[in-house]
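Atoms within a ligand are numbered from 1 in the order they appear, just like the ligands themselves.
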Amino acid sequence: MSTNEQFIMALDQGTTSSRAIIFNHKGEIEAVAQKDFEQFFPKAGWVEHDPLEIWTSQAAVATEAITRANISADQIAGIGITNQRETTILWDRKTGKPIYKAIVWQDRRTAAYCNELKASGKADLINKKTGLILDAYFSATKIKWILDEVPGARKRAEAGEICFGTVDSWLIWKLSNGAKHFTDITNASRTMLYNIHEHQWDEDLLDLFDIPRAILPEVKASSEVVCTTSGKIFSAKIPIAGIAGDQQAALFGQLCTQKGMVKTTYGTGCFLVMNTGTKPVKSDNKLLTTIAWQIGGEVTYALEGSVFIGGAAIQWLRDGIKIINKANKTEALAKGLADNDGVYFVPALTGLGAPYWDQEARGTFFGITRGTTEAHFARAALEAIAYQVYDVLKAMEKDSKLPTKILKVDGGASANEFLMQFQTDILDCKVQRPEILETTALGAAYLAGLAVGYWKDQEELKNLWKEDKIFTPKMDKEKVKHNLHFWHKAIERTKGWLEN
Ligand code: ADP
């Protein structure tokens with residue numbers, strides 16, 4: 001079969017929906033299918049998914065995408081999997097039945113335990129080995145919780161009867177009809193159990209969290225044929241050839257394949273990831289050091305930082321105070337003003353994340369006068385997204401000592417022209433938006449396509465990747481300085497607002 005008759009399928013298993021996207025040899029989208037699934041909030045701060053629904057929704061959209069593309073399964077040259085990271089599933093090795101619901105990355109039930117570990121001085125050790133900041137976010141404490149709380153679970157785990165996996169592992173298990181228990185190195189690096197320097201599960205951490213080694217999956221590269229789907233799933237046995245966590249896949253989908261290249265995804269939050277090359281960079285600014293991918297024998301590292309409230313600030317304008325009825329209305333409102341007229345918004349609606357880290361901060365508007373209108377609120381919210389990204393990126397540059405030449409962008413809010421222009425102005429570096437904004441799925445497809453030889457090498461991928469628009473700085477430098485001065489003043493005044 002020629003490559004024109006063949007395709008790559010990306011399975012994009014996200015936090016609220018499962019998607020399947022079929023890409024052709026030019027790297028263009030042939031078909032998309034998407035299905036939302038249920039979110040469970042059994043207690044304050046708890047978030048769960050039904051692992052079986054994750055699987056059934058993912059399998060359904062895969063079949064639907066193949067039908068929509070009007071092709072047959074044997075025309076799929078490879079499958080790439082990308083997934084919500086850290087979400088934790090434990091299942092019975094014999095029956096394949098989950099022993100508990102999936103505990104989602106957002107779930108805070110183990111926060112108190114993490115605080116105990118911090119108090120006993122374990123944070124440094126964990127950071128040294130995993131590159132992560134000790135937090136309930138990552139899988140380790142979620143695994144421990146299930147083993148502690150589900151009757152008999154730890155005993156069965158010790159006897160080798162239980163499998164642990166992040167969502168990629170779970171999907172591979174299901175796609176191979178229970179034959180393979182694998183994960184990839186990017187997903188492993190988010191468990192808080194994987195030593196990112198030695199490239200192996202860490203005995204000390206397994207001891208610390210009291211997790212039996214027998215439950216762990218085998219760790220694979222991000223771009224290699226790990227197995228094929230079983231004959232039961234599709235009408236053909238398709239190679240599973242690419243696996244990466246969502247942010248790492250997006251970094252690859254943006255072709256940030258050289259040291260110093262960086263992308264920001266403007267979604268509900270903003271997610272910045274910088275390729276730091278083949279050596280891990282330790283952060284002095286509380287960013288995460290993580291694995292970007294492994295291709296062949298070579299492991300590439302990344303620095304990662306997130307802004308909690310990105311597009312969510314716009315959601316709040318729409319659904320909270322209702323000054324707009326559509327997110328994209330903010331663009332015209334902001335453009336309608338020649339200046340922010342001194343109005344700033346610190347969207348610390350859930351405290352402040354990297355690089356400020358202040359849980360007591362709360363959202364605040366500054367500089368309101370009688371002339372302030374809803375347009376100022378809209379503009380201040382968009383500007384705040386850009387300032388926050390600026391602050392994380394500057395922290396990354398400080399840690400990595402790599403200056404940013406170009407910022408690659410994607411995600412829902414990257415459609416906002418005002419925001420993108422403001423971002424390039426504030427950063428004083430180019431901002432580049434690709435034609436295909438589905439960079440997460442695209443990255444998984446690229447990783448799979450490389451492994452099966454559908455695309456020859458990364459050079460070939462560079463020819464496929466298409467720019468939609470490049471934004472270049474135009475704002476007066478003094479003005480940039482002035483705005484940043486007031487933004488940082490606003491941040492300082494927001495910190496520590498709550499009192500214990
Ligand atoms: P997620 O994957 O986190 O759900 P998306 O990438 O779909 O996020 O982006 C949606 C977010 O982007 C929402 O928070 C929304 O408010 C914001 N958004 C979408 N379109 C625009 C726009 N034109 N201008 C500003 N914000 C937008």
Can you check whether Leu442 reaches Phe252 side chain to side chain, under 4.5 Å on heavy atoms? no
For a 4.5 angstrom cut-off between non-hydrogen side-chain atoms, does Ile314 reach Ile324? yes
Is there a side chain to side chain contact (heavy atoms under 4.5 Å, CB included) between Tyr356 and Lys495 once you walk through the steps? CA-CA 9 Å; Tyr356 335 99; Lys495 282 183 181 168; 4.2 Å; yes
Trp145 six-ring face occupied by Arg109 cation (under 6.0 Å, within 45°): yes
[atom]: nearest protein contact (heavy atom, Å):
atom	value
atom 21 (C) of ligand 1	Ala327 CB, 3.6 Å
atom 11 (C) of ligand 1	Gly267 C, 3.9 Å
atom 15 (C) of ligand 1	Gly311 O, 4.0 Å
atom 24 (N) of ligand 1	Asn416 ND2, 2.9 Å
atom 26 (N) of ligand 1	Ala413 CB, 3.5 Å
atom 4 (O) of ligand 1	Thr268 OG1, 3.5 Å

Taking the basic N atoms (NZ, or NE/NH1/NH2) and the acidic carboxylate oxygens, is any pair closer than 4.0 Å for Glu38 and Lys101? no
Atoms of ligand 1, numbered as shown, that sit under 4.0 Å from any heavy atom of Gly411: 6 (O)
Return yes when Gln315 approaches ligand 1 closer than 4.0 angstrom through a heavy atom, no otherwise. yes
With a sphere of 6.0 Å drawn around CG of Asn70, does it hold more than 12 non-hydrogen atoms of other residues, nucleotides or ligands? no
May I ask you to check whether Ala415 has an N/O atom sitting below 3.5 Å from an N/O atom of ligand 1? no
Are any non-hydrogen protein atoms located under 4.0 Å from atom 8 (O) of ligand 1? yes
Please round to the nearest 0.5 Å and tell me the distance separating atom CZ of Phe40 and atom CG of Asp107. 13.5 Å
Under the ring-ring contact (aromatic ring centres under 6.0 Å, His included) rule, what do Phe23 and Phe7 come out as? Steps first, then yes or no, please. CA-CA 6 Å; Phe23 291 92; Phe7 304 86; over 10 Å; no
Pick whichever of Gly14, Gly412, Ala312 has a heavy atom sitting closest to atom 19 (C) of ligand 1. Gly412
